[in-house]
Amino acid sequence: MAANKQFSLLCLENPLLDIQAFANEDILNKYGLKANDAILAEEKHLPLYEELLNNFDAKLIAGGAAQNTARGAQYILEPNSVVYLGGVGDDKYAAILRDAVKEAGLRVEYRVDEKTPTGRCGVVITGHNRSLCTELGAANNYDVGHLKSPEIWKLAENADFYYVGGFHFTVCPEAIAALAEEAASKNKTFIVNLSAPFIPQFFKDPLDASSPYWDFVICNETEAAAYAGSHGLESIAEDVPAIAKHISNLPKKNTQRPRVVVVTQGTSPTLIATQGQDEVKQYPVHVISADKINDTNGAGDAFAGGFVAGLVQGKNIDTAVDMGQWLAALSIQELGPSYPMPKKTYQSTS
């Protein structure tokens, strides 16, 4: 695909305002949170947000996993390459999100809900771990009507790459299905990120309904294990390469390209499994000294942003993985899911 085509990448998920704070295990225990996890908020979690704002030096950051990825891809690509869809409220938090993405050069087309506040995510940082607790708010009210509205669907028809964050399976599977069908029928690239263990565990049906359309699947080793656990793959539950290979060989709607599964593993090598191939390739990560690591929140989103940007630019898989690792390495040296300014230019390390 032409790398300079405008808005060739369309991303869909749940825009959130991250309320991020360095804390301790006491607050994790108080709210029943795990040090390195992502969950949807229950009633007992709702006081967390005000506590982070009032009792800690909390930062407000434009978040939502796929929005972080979209910002990352736009960081690398030519201006006006990425458009992002999701639902927000009509409030000051939505205004903060709009200002943040405008600064990043990302075009957003939000569905605005006048009755429901913008979603928020409490990010509790302990050491190099982060625990995410999300109240979806208006993001939960996104509907396929917004996607299919003439102005927005025109953007979808124009795009050659679709990136769907897994958290959207909890919101609007119909919108995901519409993009998936458009991709398969016109040989466009459909990319899904599993996003968190609870997606394959508790949203298995809508996830599985979309699986025949996956051209690329991105996940980490914990999400891969959760997929295995919810799909009767106990015999390979601890064998991440085998899980990746299994997913790559699931039935596929568009047979014009093989499915590729990408598994990140923190500081361990990134894995690539390609449909029909026996070998699961391994890519050592870019090493960053511990004293340079500021915050790992959003590292996986940054990897996805770099990787997808490589795909949009027509790079091979080796280079796309390298671009993902490069952007992730930059991101973890910043606060929150952020990228350094002034912009740095990708240079191949291979």
Side-chain angles (χ1 to χ4, degrees), residues 1-11 65-66 68-84 104-107 158-165 179 183 186-194 213-220 244 247-248 252 254 256-265 269-277 279-288 298-332 339-340 343-350:
M1 299 300 173
N4 60 353
K5 176 180 177 179
Q6 288 204 334
F7 305 114
S8 56
L9 172 60
L10 182 144
C11 302
N68 298 338
T69 293
R71 288 191 292 111
Q74 185 59 78
Y75 184 87
I76 293 174
L77 296 170
E78 293 293 320
N80 300 320
S81 290
V82 187
V83 60
Y84 172 84
L106 174 65
R107 177 177 176 177
N158 169 76
D160 296 313
F161 297 82
Y162 301 133
Y163 177 90
V164 176
L179 291 178
K186 298 181 180 176
N187 195 28
K188 298 180 178 184
T189 301
F190 187 70
I191 309 158
V192 165
N193 195 315
L194 296 189
Y213 298 91
W214 300 344
D215 293 313
F216 289 86
V217 187
I218 303 174
C219 63
N220 64 28
I247 296 172
S248 75
K252 193 170 188 293
N254 179 5
Q256 296 184 65
R257 63 168 64 89
R259 180 183 294 114
V260 176
V261 179
V262 186
V263 185
T264 60
Q265 304 186 101
T270 301
L271 306 178
I272 293 286
T274 301
Q275 187 176 25
Q277 296 184 12
E279 180 188 9
V280 177
K281 298 185 70 174
Q282 300 194 24
Y283 299 80
V285 302
H286 295 195
V287 178
I288 297 292
D301 304 336
F303 173 88
F307 181 84
V308 172
L311 299 182
V312 173
Q313 289 182 335
K315 306 295 187 184
N316 61 33
I317 296 297
D318 293 357
T319 302
V321 170
D322 193 65
M323 292 173 69
Q325 293 185 356
W326 173 81
L327 193 61
L330 291 183
S331 177
I332 64 177
Y339 309 102
K343 282 190 178 183
K344 296 183 181 295
T345 302
Y346 167 72
Q347 298 290 335
S348 175
T349 60
S350 56

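Just so it is clear, the structure is predicted and the values come from calculations on it, not from any experiment.
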Colleague: Determine the minimum heavy-atom distance between Gln74 and Gly105, stating which atoms define it.
Modeller: CG-O, 3.4 Å
Colleague: Between the main-chain N or O of Asn158 and the side-chain N or O of Lys5, is there a donor-acceptor pair closer than 3.5 Å?
Modeller: yes
Colleague: Below 30° counts as parallel, above 60° as perpendicular, anything between as tilted: where do the rings of Trp326 and Tyr346 land?
Modeller: perpendicular
Colleague: Measure up the Phe190 and Tyr213 rings against each other and bin them: parallel (under 30°), tilted (30 to 60°), perpendicular (over 60°).
Modeller: perpendicular
Colleague: On a heavy-atom basis, which atom in Ala328 and which in Ala299 lie closest, and how many Å separate them?
Modeller: CB-O, 3.6 Å
Colleague: I'd like to check Arg257 versus Asn187 (side-chain heavy atoms, cut-off strictly below 4.5 Å). Are they in contact?
Modeller: yes
Colleague: Less than 4.5 Å apart, side chain to side chain, heavy atoms only: is that true for Tyr75 and Lys344?
Modeller: yes
Colleague: So, taking the atom named OG1 in Thr270 and the one named CD1 in Ile272, what distance separates them when rounded to the nearest 0.5 Å?
Modeller: 7.5 Å
Colleague: Would you sort out whether Val262 and Phe303 count as a side chain to side chain contact (heavy atoms under 4.5 Å, CB included), showing the intermediate values?
Modeller: CA-CA 10 Å; Val262 186; Phe303 173 88; 3.7 Å; yes
Colleague: Indicate yes or no: at least one non-hydrogen side-chain atom of Tyr339 is less than 4.5 angstrom from one of Leu327.
Modeller: yes
Colleague: Please report the shortest heavy-atom distance between Gly306 and Ile76, naming the atom on each side.
Modeller: CA-CD1, 3.7 Å
Colleague: If you measure from the Lys or Arg side-chain nitrogens to the Asp or Glu carboxylate oxygens, is any gap between Asp215 and Lys252 under 4.0 Å?
Modeller: yes
Colleague: Please name the pair of heavy atoms, one in Ala320 and one in Lys315, separated by the smallest distance, quoted to 0.1 Å.
Modeller: N-CB, 4.5 Å
Colleague: With a 4.5 Å heavy-atom cut-off, do Ser81 and Gln6 have their side chains touching?
Modeller: no
Colleague: If you measure from CG on Leu311 to CG on Leu9, what distance do you get to the nearest 0.5 Å?
Modeller: 9.5 Å
Colleague: Yes or no on side chain to side chain contact (heavy atoms under 4.5 Å, CB included) for Val285 and Gln265, after CA distance, side-chain angles and deciding distance?
Modeller: CA-CA 9 Å; Val285 302; Gln265 304 186 101; over 6 Å; no
Colleague: Between Tyr283 and Pro269, is there a side-chain heavy-atom distance shorter than 4.5 Å?
Modeller: no
Colleague: Just by modelled atom types, is the Val217 backbone N or O under 3.5 Å from a matching donor or acceptor in the Asn193 side chain?
Modeller: no
Colleague: Grab the two heavy atoms, one from Gly298 and one from Ser331, that are nearest each other, plus how far apart they are.
Modeller: O-OG, 4.2 Å
Colleague: Under the criterion side chain to side chain contact (heavy atoms under 4.5 Å, CB included), I'd like the reasoning laid out for Ile191 against Tyr162: C-alpha separation, chi angles, the key distance, then a yes or no.
Modeller: CA-CA 6 Å; Ile191 309 158; Tyr162 301 133; over 6 Å; no
Colleague: For the side chain of Gln277 and the backbone of Lys281, is there at least one donor-acceptor N/O pair under 3.5 Å apart?
Modeller: no
Colleague: How far does OH of Tyr84 sit from CZ of Arg71, to the nearest 0.5 angstrom?
Modeller: 10.5 Å
Colleague: Does any non-hydrogen side-chain atom of Arg107 lie less than 4.5 Å from one of Asn80?
Modeller: no
Colleague: Nearest 0.5 Å, what's the CE-CD distance between Met323 and Gln347?
Modeller: 11.0 Å
Colleague: Any chance you could lay out the side chain to side chain contact (heavy atoms under 4.5 Å, CB included) test for Leu194 and Ile218, step after step, and finish with the verdict?
Modeller: CA-CA 6 Å; Leu194 296 189; Ile218 303 174; over 6 Å; no
Colleague: Got a second to check how far Asn220's CG is from Leu271's CG, nearest 0.5 Å?
Modeller: 11.0 Å
Colleague: Check the side chains of Asp322 and Thr319 for a donor-acceptor pair under 3.5 angstrom, ignoring hydrogens and angles.
Modeller: no
Colleague: Is any side-chain heavy atom of Val261 closer than 4.5 Å to a side-chain heavy atom of Trp214?
Modeller: no
Colleague: Hey, what do you get for CD (Gln325) to CG (Leu330), rounding to the nearest 0.5 Å?
Modeller: 12.0 Å
Colleague: Indicate yes or no: at least one non-hydrogen side-chain atom of Leu77 is less than 4.5 angstrom from one of Val312.
Modeller: yes
Colleague: Answer yes or no on whether Arg259 is positioned over the face of Phe216, meaning its NZ or CZ is under 6.0 Å from the six-membered ring centre and within 45° of the axis.
Modeller: no
